[in-house]
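The block underneath contains the structure these notes are about, expressed in structure tokens.
Per chain, numbering begins at 1; letters A, B, ... match sequence-line order.
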Amino acid sequence: MEVEAYEGPDDPASHAAASIGRTRRNEGLFGLPGTAYVHLNYGIHWCFNAVTDVEGSPHGVLIRALEPLSGEAHMRSRRGRDELTNGPGRLAQALGIGPDLQGHRLDEPPVWIERGLPVPAASLVTTTRIGITKGAELRLRFYDSRSRWVSRR
DNA sequence: ACTCCGATTGTT
DNA sequence: ACAATCGGAGTA
């Protein structure tokens, strides 16, 4: 899995940066920890985040890539191509994640997150986030260097 | 009402 | 390189 952290009002790249405040668009980020924040990007792609701090504190993690362990045929039918889950927009489409999932608890179907195997420190890559201009120097992107399921190196 | 632009992707 | 395509935010 590849993720990026967006660290609340003090993070200039966050949808809930202090300069923006709480709006209808980013409302989901202010929800309960462990719920989904789903947003539309570039008018085309839905992106999937997990809210990570207490209600009212807009911290979250953008899920940018993951390894499909099952249901690949279903994902292919949703995607219409073979690139399934490397990239936030692709991943959301492959999993059928859209605005319906806003605020969904991520400990129950249809979409949930479970603890996986630990990533050895030697394999954990910590680097800069993709596609942003503000806060571009912060190293808040993480992935397992052994994994093929990464959006970009 | 009108402009700008973004946590992207697929095609040229 | 660049078009596609939507809605939030700022300005008027």
**Asked** Any stacking of A/Tyr6 on B/dA7, going by centres under 5.5 angstrom and planes within less than 30 degrees?
**Response**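 A/Tyr6 vs B/dA7: stacking yes.
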
**Toward the 5' end of DNA chain B, by each residue's nearest nucleotide, A/Glu4 or A/Gln93** = A/Glu4

**Prompt:** Do A/Ile20 and A/Asn26 have side chains that get closer than 4.5 Å, going by heavy atoms?
**Reply:**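 A/Ile20 reaches A/Asn26 side chain to side chain.
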
**Message:** Within the 4.5 Å heavy-atom criterion, are A/Thr128 and A/Leu138 side-chain neighbours or not?
**Reply:**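 A/Thr128 does not reach A/Leu138 side chain to side chain.
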
**Request:** Both distances under 3.5 Å, Watson-Crick or G-U wobble: report the partner of B/dA7, or none.
**Result:**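 For B/dA7, the partner nucleotide comes out as none, under the 3.5 Å rule.
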
**Counter-base of C/dT5, judged by Watson-Crick or G-U geometry with both distances under 3.5 Å** =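 C/dT5 is paired with nothing.
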
**Request:** May I ask you to say what A/Ile132 touches in the nucleic acid, namely base, sugar-phosphate or nothing, with a heavy-atom cut-off under 4.0 Å?
**Result:** sugar-phosphate

**Prompt:** What nucleic acid atoms does A/Arg25 come within less than 4.0 Å of, heavy atoms only: base, sugar-phosphate, or nothing?
**Reply:** sugar-phosphate

Quickly work out the [X] [atom1] to [N] [atom2] distance and round it to whole Å.
| X | N | atom1 | atom2 | answer |
| --- | --- | --- | --- | --- |
| A/Ile130 | B/dT9 | CD1 | C1' | 13 Å |
| A/Asn26 | C/dC6 | CG | C1' | 17 Å |
| A/Leu40 | C/dG8 | CG | P | 9 Å |
| A/Phe142 | B/dA7 | CZ | C1' | 15 Å |
| A/His45 | B/dA7 | NE2 | P | 13 Å |
| A/Glu83 | B/dT8 | CD | P | 17 Å |
| A/Glu7 | B/dA7 | CD | P | 16 Å |
| A/Ile97 | B/dT8 | CD1 | C1' | 16 Å |

**Request:** Check whether any side-chain N or O of A/Ser147 sits under 3.5 Å from a backbone N or O of A/Asp144 as a donor-acceptor pair, and report yes or no.
**Result:** no

So, is [X] near the phosphate of [N], with a side-chain N or O under 4.0 Å from OP1 or OP2?
| X | N | result |
| --- | --- | --- |
| A/His15 | B/dA7 | yes |
| A/Ser14 | B/dA7 | no |
| A/Arg79 | B/dG10 | yes |
| A/Arg152 | B/dA7 | no |

Which listed nucleotide ([options]) is nearest to the side chain of [X]?
| X | options | result |
| --- | --- | --- |
| A/Ile44 | B/dA7, C/dT5, B/dT9 | C/dT5 |
| A/Arg81 | C/dG8, B/dT11, B/dT9 | B/dT11 |
| A/Arg90 | B/dT8, B/dT9, C/dA9 | B/dT9 |

**Prompt:** Does the ring of A/Tyr6 carry A/Arg129 above it, NZ/CZ under 6.0 angstrom from centre and within 45° of its axis?
**Reply:**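 Here A/Arg129 passes the 6.0 Å and 45° test against A/Tyr6.
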
**Prompt:** Any idea which heavy atoms bring A/Pro9 and A/Pro58 closest together, and the distance?
**Reply:**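 Nearest heavy atoms, A/Pro9 then A/Pro58: CD-CG, 3.8 Å.
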
**Asked** Same cluster or not: are A/Ile130 and A/Leu140 linked, directly or through other Ile, Leu, Val, Met, Phe, Trp or Tyr residues, by side-chain heavy atoms under 4.5 angstrom apart?
**Response**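 In one cluster: no.
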
